[in-house]
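Here is the structure we will look at.
From a predicted model like this one, the values you see are computed outputs, not experimental measurements. To find a chain, count down the sequence lines: A is the first, B the second, and so on, and within it residues start at 1.
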There are 2 protein chains.
Amino acid sequence: MTTSNHFKDNAASADTSELTRLDNQLCFAFYSVSNALTRMYGPVLAPLELTYPQYLVMLVLWERAPRGMGELSSQLGMDFGTLSPLVKRLEKSGRVTRTRDPEDERRVIVGLTKAGEALREQAAGIPLEMSCQIGLPQDEIVAVRDAVKRFLGAISQEQR
Amino acid sequence: MTTSNHFKDNAASADTSELTRLDNQLCFAFYSVSNALTRMYGPVLAPLELTYPQYLVMLVLWERAPRGMGELSSQLGMDFGTLSPLVKRLEKSGRVTRTRDPEDERRVIVGLTKAGEALREQAAGIPLEMSCQIGLPQDEIVAVRDAVKRFLGAISQEQR
DNA sequence: ATATATTATATTGTAAGCGATTAAATCGCG
DNA sequence: CGCGATTTAATCGCTTACAATATAATATAT
């Protein structure tokens, strides 16, 4: 009885055109922010010769390495079709190693090279630099993060 | 004196590692949500033979057409390098017309065809369908939208 | 043990997305 | 008027992004 009540809530309580505007605004806002963030990170990451998605992969690896491709994929919500060539580029530029798991030759283990480890220190100042560019007080950032995370939780249930 | 105080606020009040985690979480969350939304829209838009960015362009045009490329670009925060081929694809599939402004031959005016107008009715149910898939009550959606819009406002000031 | 199914990753094709460059039209100043 | 500066859009090169398909290794069933 609760399963699809939000339908009724959404559909019945306000007129549909209002809902339409609201939803479009929300999705569009996410689209805009995501692209804007990528553009903001670009110049900051350029000295490290990383793109923004590559930086995200490195962040995950700096937290714990080595990891399997599948782990990276689910952690980042990245498709293999995206992740595969991305990791290969990181390998070609010497930040990452790709080795088959001897236990299970299907699996690919992604590890950090010395250069990949070293990059971590070079990247250490980036979050502060970005947060200064964004220029919002910390409590506001926390509020946004929590709202976005709640939303992410809601929609990633549907994806399964 | 107020210009870069957020720097001090951010840097001094909490330890840097906390800020780092927070910022990374936030950027990662936006990245994930945006991609997840695109994936959710995909199957819903497929019957209309539209991609999500194409749908965004059509939404803007349905609101008011014709419009210049520059107007579309700034409204959507899309680069010309993205918008140019996208609009050409919409033209090729017969939803949109591209004509030079006779007053100023540099400008390209994008208008709707009959098919483009007609698509509007076909697309009318999409926001409701999506909001049901998302499955959050309306007040929560409003809260997320406002948080994301505040954030967008903060970061789009920095651009340029 | 062999055939079949499943799993993990890679590849391909199409469409964004963006920085850098280019080209054409218009503007503005001498 | 003429000519350099600006504006508007297109193009190119490279990197995501993702669905669909392919491939190889392991697991399961018979």
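Toward the 5' end of DNA chain D, the nearer of the two residues A:E103 and A:Q54, judged by each one's closest nucleotide, is A:Q54. Residue A:I109 is the one, among A:N35 and A:I109, whose nearest nucleotide of DNA chain C lies closer to the 5' end (criterion: closest heavy atom). Nearer the 5' end of DNA chain C, as judged by each residue's closest nucleotide, is the contact made by A:T38, out of B:D104 and A:T38. Across the interface with DNA chain D, nearest-nucleotide mapping of B:G70 and A:M78 shows B:G70 to be the residue nearer the 5′ end.
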Inset, instruction - Check step by step if side chain to side chain contact (heavy atoms under 4.5 Å, CB included) holds for A:V108 and A:R100. - result: CA-CA 5 Å; A:V108 169; A:R100 292 277 167 182; 3.6 Å; yes
Inset, instruction - Report the C-alpha distance between B:E91 and B:V110 in whole Å, list the side-chain angles of each, state the deciding distance to 0.1 Å, and finish with yes or no for side chain to side chain contact (heavy atoms under 4.5 Å, CB included). - result: CA-CA 9 Å; B:E91 184 191 32; B:V110 183; over 6 Å; no
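Between the P atom of C:dA16 and the CG atom of B:L76 lies a distance of 12 Å, rounded to the nearest Å. Atom CZ in B:R39 sits about 16 Å away from atom P in C:dA16, given to the nearest Å. Between the CZ atom of B:F80 and the P atom of C:dA23 there is a distance of 18 Å, rounded to whole Å. Here the C1' atom of nucleotide C:dG13 and the CG atom of A:D79 are 13 Å apart, to the nearest Å. Atom C1' of nucleotide C:dA15 and atom CG of B:L56 are separated by 14 Å, given to the nearest angstrom.
A:T113 approaches A:V96 most closely through the heavy-atom pair CG2-N, 3.7 Å. Contact record, B:V148 with A:A29: CG1-CB, 3.6 Å, taken as the closest heavy-atom pair. Contact between A:L83 and A:L76 at its shortest, heavy atoms only, is CD1-CD1, 4.4 Å.
Residue B:R100 places no side-chain N or O under 4.0 Å from the OP1 or OP2 atom of C:dT26.
No hydrogens or angles considered: nothing links the side chains of A:R95 and A:Q54 as a donor-acceptor pair under 3.5 Å.
The neighbour count for A:E105 CD, taken as heavy atoms of other residues, nucleotides or ligands under 6.0 Å away, is above 12.
Using a 30° and 60° split on the angle between ring planes, B:Y31 and A:Y52 fall in the perpendicular class, above 60°. Between B:F30 and A:F30, the two ring planes are tilted [angle within 30° to 60°].
The footprint of chain A on DNA chain D, defined by a heavy-atom cutoff below 4.0 Å, extends from D:dT15 to D:dT26.
Within residues 81-90 of chain A, the residues that place at least one heavy atom under 4.0 Å from DNA chain C are, in residue-number order, A:G81, A:S84, A:K88.
In this structure, B:Y31 reaches the sugar-phosphate backbone alone: every heavy-atom distance under 4.0 Å involves primed, P, OP1 or OP2 atoms, never a base.
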